[in-house]
Amino acid sequence: MSKEITGRTENYSEWYNDLVLKSGLADYSAVRGCMVIKPYGFTLWENMRDVLDKKFKETGHVNAYFPLFVPKSLFEAEEKNAEGFAKECAVVTHYRLKNNPDEPGKLMVDPEAKLEEELVVRPTSEAIIWNTYKKWIQSYRDLPILVNQWANVVRWEMRTRLFLRTAEFLWQEGHTAHATKQEAIEETIQMINVYADFAENYMALPVIKGVKSESERFAGAENTYTIEAMMQDGKALQSGTSHFLGQNFAKAFDVTFKNKENEEEYVWATSWGVSTRLIGALIMAHADDDGLILPPRIAPHQVVIIPFLSKNEEETKKMIETSINLKNELNKMGIRAMVDSDETKRPGFKFAEYELKGVPLRVVIGPRDLANGNVEIARRDTKEKSTISIENLPEKIEQLLENIQQNMFDKAKTFRDSNITKVDDFETFQKLLDEKPGFILAHWDGTAETEEKIKELTKATIRCIPLDNPQEEGKCILTGKPSKERVLFARAY
RNA sequence: CGGGAUGUAGUUCAGUCCGGUUAGAAUGCCUGGUUUGGGACCAGGAGGUCGUUGGUUCGAAUCCAGCCAUCCCGACCA
């Protein structure tokens, strides 16, 4: 009642904003395009981060930290990369403020304190990292270098949206250096697989793995792998990328090593990243008009236990006790459970509040339940309520959480799959994008010109060329030229 | 960056067109009481640099200009 959420069908954008703000994930800030990630949102990010970090370490990576600032001369060294990001770089030009003599109490940039060389606020860290790697690498024995960093980056976007596109955002960026091309390519593929595994098994977000077309490729990369997810409005969201950088950065930063044959060679590189944008994906893939629906594996709270308070003090005490015992048992099993015994809020209010926050499972313990040895359980994903015996409750809850996790994935996958259509003529292609938004598999002649033209006509872009794509003869949807496989088209965030 | 809209109490908004006492409502908040199986009720109370800076005026939330922020559409975006 107090927190009205705009309906999904009414206005999808407003629905999204309402959810982010009212569920307590994030807030706007006084800085253009920058948001505050609130504790609830940050806990969610921490959970995602912890899972990913573990996976990175399991695959041999270590964390490090590189500077926020990149001297302009370093930044521009890899030309394509620099050019790709140039338009959205924040630049530090001065290092001091001073009192404004014309306006007492106000500060001004001290013109005397101009930097000799401007510092670019990193939009990504390849430049500063490869400049560093040059010092670290002399021999094949120094390779591979498998480093990741958790950091913030800044991209001065014209139009921002909470989590999906903000001027500053949090992410991780892996930067690896290898002795052979083969090894670097394997690394690139390994990491896109790590991302896909994370998206599907933790975020319950089905993704399509693929390769970017040349025009959608990361600036400075030889090849970009991507995972693409479908949102509930049928649009695609690029959810993670892994780049094979070839020797581009090694050449730009003169990073060479002596191989076993005592020959000087350029180092092979990869980089890969996912960001807080994933939280946007989570919302748009799963949430409904009542609020967020978070997958149990990363939800800040997996279970909320709400004791009903009774006039009978003794009874109330007992319900709270039972609640806390259950919480402790769940915690012991590694389940993130909380008790809300706040007397000042009524149960109905709490129900609505935790539904808004997307807590996967709600356990209600009231006098009636207590007397019968039952509790009421409500799952967020299906909104089903059931009364179950208190016997073996923790085990049942554990099972239910797994069930919810799986159900969320299945539901999202069914939705996605039913919104992927094979199309063979351009008229249908155009019509479908407007009438039934989703992904379209269509033939493409492989040229950037055709891709550009299709984008102009339909606003749809090639999201990726799926991996393990079935090969089939066909004709380009636009030009009719021969094509050997279908590629994935969609309108995208 | 272009077009449109908005900015008044924690929140949502009225008041602005047509300047004039002490700026209102709902909700939220605080206190007390009654309540409690799906967003409770009664009584009392606190809470506002009207986004910001400047201008016009005897007088500005109201008119004008700049700036800041947000939303929507577009352009742009690995």
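Numbered from 1 within each chain, the chains take letters A, B, ... in sequence-line order.
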Just wondering, more than 12 heavy atoms not from [X] lying within 6.0 Å of its [atom1]?
{"X": "K80(A)", "atom1": "NZ", "answer": "no"}
{"X": "K396(A)", "atom1": "NZ", "answer": "yes"}
{"X": "K436(A)", "atom1": "NZ", "answer": "yes"}

Starting from [atom2] on [N], measure out to [atom1] on [X] and report it in whole angstrom.
{"X": "R165(A)", "N": "C1(B)", "atom1": "CZ", "atom2": "P", "answer": "17 Å"}
{"X": "E456(A)", "N": "C77(B)", "atom1": "CD", "atom2": "C1'", "answer": "16 Å"}
{"X": "R491(A)", "N": "A75(B)", "atom1": "CZ", "atom2": "C1'", "answer": "16 Å"}
{"X": "M158(A)", "N": "G2(B)", "atom1": "CE", "atom2": "P", "answer": "9 Å"}
{"X": "D342(A)", "N": "C29(B)", "atom1": "CG", "atom2": "P", "answer": "10 Å"}
{"X": "K357(A)", "N": "G39(B)", "atom1": "NZ", "atom2": "P", "answer": "20 Å"}
{"X": "F85(A)", "N": "C77(B)", "atom1": "CZ", "atom2": "P", "answer": "12 Å"}
{"X": "F169(A)", "N": "C77(B)", "atom1": "CZ", "atom2": "C1'", "answer": "11 Å"}

Mind listing the N/O atom pairs, protein and nucleotides 35-37 of chain B, below 3.5 Å?
{"from": "U35(B)", "atom 1": "O2", "to": "R346(A)", "atom 2": "NH1", "distance (Å)": "3.2"}
{"from": "U36(B)", "atom 1": "O4'", "to": "R346(A)", "atom 2": "NH1", "distance (Å)": "3.4"}
{"from": "G37(B)", "atom 1": "OP1", "to": "R346(A)", "atom 2": "NH2", "distance (Å)": "3.0"}
{"from": "G37(B)", "atom 1": "O6", "to": "P367(A)", "atom 2": "N", "distance (Å)": "3.2"}
{"from": "G37(B)", "atom 1": "O6", "to": "R368(A)", "atom 2": "N", "distance (Å)": "2.5"}
{"from": "G37(B)", "atom 1": "O6", "to": "D369(A)", "atom 2": "N", "distance (Å)": "3.3"}
{"from": "G37(B)", "atom 1": "N1", "to": "D369(A)", "atom 2": "OD2", "distance (Å)": "2.6"}
{"from": "G37(B)", "atom 1": "N2", "to": "D369(A)", "atom 2": "OD2", "distance (Å)": "2.9"}

When both hydrogen-bonding distances must be under 3.5 Å and the geometry is Watson-Crick or G-U wobble, what is [N] paired with, if anything?
{"N": "C41(B)", "result": "G33(B)"}
{"N": "A65(B)", "result": "U53(B)"}
{"N": "G74(B)", "result": "C1(B)"}
{"N": "U22(B)", "result": "none"}
{"N": "A14(B)", "result": "none"}
{"N": "G28(B)", "result": "none"}
{"N": "G48(B)", "result": "none"}
{"N": "A60(B)", "result": "none"}

Looking just at side-chain N and O atoms, do [X] and [Y] make a donor-acceptor pair shorter than 3.5 Å?
{"X": "D445(A)", "Y": "T447(A)", "answer": "yes"}
{"X": "E222(A)", "Y": "N248(A)", "answer": "yes"}
{"X": "T176(A)", "Y": "T270(A)", "answer": "yes"}

Reckon [X] touches a base, only the sugar-phosphate, or nothing at all at heavy-atom distances under 4.0 Å?
{"X": "Q238(A)", "value": "sugar-phosphate"}
{"X": "E214(A)", "value": "nothing"}
{"X": "K383(A)", "value": "nothing"}

Provide the distance between the two [atom1] atoms, one in [N] and one in [M], to the nearest whole Å.
{"N": "A14(B)", "M": "A61(B)", "atom1": "C1'", "result": "12 Å"}
{"N": "A23(B)", "M": "G48(B)", "atom1": "C1'", "result": "9 Å"}
{"N": "C63(B)", "M": "C58(B)", "atom1": "C1'", "result": "16 Å"}
{"N": "G44(B)", "M": "G7(B)", "atom1": "C1'", "result": "33 Å"}
{"N": "G66(B)", "M": "A25(B)", "atom1": "C1'", "result": "33 Å"}
{"N": "U56(B)", "M": "C64(B)", "atom1": "C1'", "result": "7 Å"}
{"N": "G38(B)", "M": "U6(B)", "atom1": "P", "result": "41 Å"}
{"N": "A69(B)", "M": "U53(B)", "atom1": "C1'", "result": "15 Å"}

Discussion item. Using heavy-atom distances to pick each residue's nearest nucleotide on RNA chain B, tell me which of A352(A) and R161(A) is more 5'.
Written reply: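 So the residue in question is A352(A).
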
Worksheet entry | Pairwise 5' ranking along RNA chain B for R362(A) and R217(A), keeping only the more 5' one | R362(A)

Discussion item. Any salt bridge linking R491(A) with D434(A)? Criterion: basic side-chain nitrogen under 4.0 Å from a carboxylate oxygen.
Written reply: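 A salt bridge links R491(A) with D434(A).
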
Worksheet entry | Residue K459(A), side-chain atoms from C-beta onward, closest of G39(B), C1(B), G74(B) |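 Selected nucleotide (nearest to the side chain): G74(B).
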
Worksheet item: So F218(A) and H243(A), would you call those rings parallel, tilted or perpendicular, with 30° and 60° as cut-offs?
Response: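 Aromatic pair F218(A)/H243(A) classed parallel.
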
Worksheet item: Do you know which of L205(A), I192(A), I208(A) makes side-chain contact (heavy atoms from CB on, under 4.5 Å) with I227(A)?
Response: I192(A)

Worksheet entry | Aromatic centroids of F489(A) and F429(A) separated by under 6.0 Å |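 F429(A) vs F489(A): aromatic centres under 6.0 Å.
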
Practice prompt. May I ask you to check whether F163(A) and W45(A) place their ring centres under 6.0 Å from each other?
Written response: no

Worksheet item: Hey, is the side chain of R159(A) poking within less than 4.0 Å of OP1 or OP2 on G2(B), counting only N and O atoms?
Response: no

Worksheet entry | For E228(A), the option from K209(A), K235(A), R416(A), R463(A) that meets salt bridge (charged side-chain N to carboxylate O under 4.0 Å, His left out) |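 For E228(A), the salt bridge (charged side-chain N to carboxylate O under 4.0 Å, His left out) test succeeds with only one of K209(A), K235(A), R416(A), R463(A), which is R463(A).
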
Worksheet entry | Any N/O donor-acceptor pair, E353(A) side-chain to G38(B) base, under 3.5 Å |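 Answer no: no donor N or O sits under 3.5 Å from an acceptor.
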
Pick out the pairs of N or O atoms, protein on one side and nucleotides 66-70 of chain B on the other, that lie under 3.5 Å.
{"from": "A69(B)", "atom 1": "OP2", "to": "R32(A)", "atom 2": "NH1", "distance (Å)": "2.8"}
{"from": "U70(B)", "atom 1": "OP1", "to": "G33(A)", "atom 2": "N", "distance (Å)": "2.8"}
{"from": "U70(B)", "atom 1": "O3'", "to": "Y28(A)", "atom 2": "OH", "distance (Å)": "3.4"}

Protein N or O to nucleotides 51-55 of chain B N or O, pairs below 3.5 Å:
none

Discussion item. Does R362(A) qualify as a cation-pi partner of F351(A), given the criterion of NZ or CZ under 6.0 Å from the six-membered ring centre and within 45 degrees of its axis?
Written reply: yes

Worksheet item: Cation over ring, K55(A) on F198(A), under 6.0 Å and within 45°?
Response: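 No, K55(A) does not sit over the ring of F198(A).
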
Worksheet item: Shortest non-hydrogen contact from S125(A) to E173(A)?
Response: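 In terms of heavy atoms, the two residues are closest at OG-OE2, 2.6 Å.
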
